[in-house]
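All heavy atoms count here, side chains included; hydrogens, waters and symmetry mates do not.
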Amino acid sequence: LQLLKDNGVEPDVVLYLENKLSVADIKGLLAKLGFQSARELMRRGEAVYKELGLKNETDEDLLLTAMAKNPKLIERPIVVRGEKAVLGRPPENAVNLL
């Protein structure tokens, strides 16, 4: 966040742990990120990932639904600018989007 501000960008912050994203929102992010699978946007180290048994799951709709219901599964931060997005880890990725 500070890196963006240091580069003259005042971002709109979406706290999606508090305001859950819909499946459609997540699909939109996947498209902007250029990801082919929901799994690419998943935090596989989260306890809920293991609890839900998602390791070998191949059903994209099920993965998307799990992410919508359990936003901790969504990798963050995600920086969006127009029709493009990047994961903000490492933070320098965000600068590449500017």
Side-chain angles (χ1 to χ4, degrees):
L1 189 59
Q2 189 60 47
L3 186 61
L4 291 173
K5 289 180 179 182
D6 290 347
N7 281 278
V9 176
E10 190 57 46
D12 292 326
V13 178
V14 176
L15 302 174
Y16 56 91
L17 290 177
E18 297 172 15
N19 301 305
K20 294 180 181 180
L21 301 177
S22 69
V23 168
D25 293 332
I26 298 167
K27 283 183 178 180
L29 286 173
L30 290 170
K32 289 178 181 185
L33 288 159
F35 289 175
Q36 301 300 310
S37 170
R39 187 169 308 284
E40 294 176 80
L41 190 56
M42 294 187 95
R43 295 171 57 108
R44 297 187 264 306
E46 288 293 328
V48 69
Y49 181 86
K50 295 172 180 89
E51 290 167 12
L52 294 175
L54 298 174
K55 182 178 180 180
N56 296 313
E57 184 57 59
T58 58
D59 183 330
E60 282 292 309
D61 289 332
L62 193 141
L63 294 174
L64 289 164
T65 300
M67 293 166 75
K69 289 182 179 178
N70 303 280
K72 282 187 174 185
L73 288 171
I74 302 171
E75 187 63 66
R76 55 196 180 275
I78 302 167
V79 180
V80 178
R81 185 170 193 189
E83 293 304 310
K84 297 276 186 187
V86 295
L87 287 176
R89 290 189 184 175
E92 292 74 25
N93 285 349
V95 175
N96 294 332
L97 193 59
L98 304 176

- Message: If you compare all heavy atoms of E75 against all heavy atoms of R89, which two are closest, and at what distance to 0.1 Å?
- Response: OE2-NH1, 3.5 Å
- Query: Hey, is the main chain of E57 close enough, under 3.5 Å, to the side chain of R39 for a donor-acceptor pair?
  - Reply: yes
- Message: Applying a strict under-4.5 Å side-chain criterion to I, L, V, M, F, W and Y, I'd like to know whether L17 and L73 cluster together.
- Response: no
- Note on the structure: Correct closest heavy-atom pair for P71 and R76 would be O-NH1, 4.1 Å
- Query: Between Y49 and R44, what is the shortest heavy-atom contact and its length?
  - Reply: CD2-O, 3.3 Å
- Query: In Å, rounded to the nearest 0.5 Å, how long is the span from OH of Y16 to CD1 of I78?
  - Reply: 4.0 Å
- Minimum-distance pair of heavy atoms, taken over all atoms of G45 and K50: O-NZ, 3.4 Å
- Distance-minimising heavy-atom pair for M42 and M67: CG-SD, 3.6 Å
- Item | Polar side-chain atom of D59 near backbone of D61 as donor-acceptor pair, under 3.5 Å | yes
- Message: Does K27, at its NZ atom, have more than 12 non-hydrogen atoms belonging to other residues, nucleotides or ligands within less than 6.0 Å?
- Response: no
- Note on the structure: Nearest heavy-atom approach of A68 to S22 is CB-C, 4.3 Å
- So, the side chain of E60 versus the backbone of A38: is there a donor-acceptor pair under 3.5 Å, distance only? yes
- Query: Are V48 and L21 linked, directly or through other ILVMFWY residues, by side chains that come within less than 4.5 angstrom of each other?
  - Reply: yes
- Approximate separation, where rounding is to 0.5 Å, of K69 NZ and L64 CG: 12.5 Å
- Query: Roughly how far apart are L87 CG and E40 CD, rounded to 0.5 Å?
  - Reply: 9.5 Å
- Task: State plainly whether one hydrophobic cluster holds both V14 and L30, where clusters connect Ile, Leu, Val, Met, Phe, Trp and Tyr through side-chain heavy atoms under 4.5 angstrom apart.
- Result: yes
- Would I74 end up clustered with L33 when hydrophobic side chains under 4.5 Å apart are linked, directly or stepwise? yes
- Following the transitive rule for hydrophobic clusters with a side-chain heavy-atom cut-off under 4.5 Å over Ile, Leu, Val, Met, Phe, Trp and Tyr, establish whether I26 and V79 coincide in one cluster. no
- Note on the structure: Value for CG (L52) from OG1 (T65), rounded to nearest 0.5 Å, stands at 11.5 Å
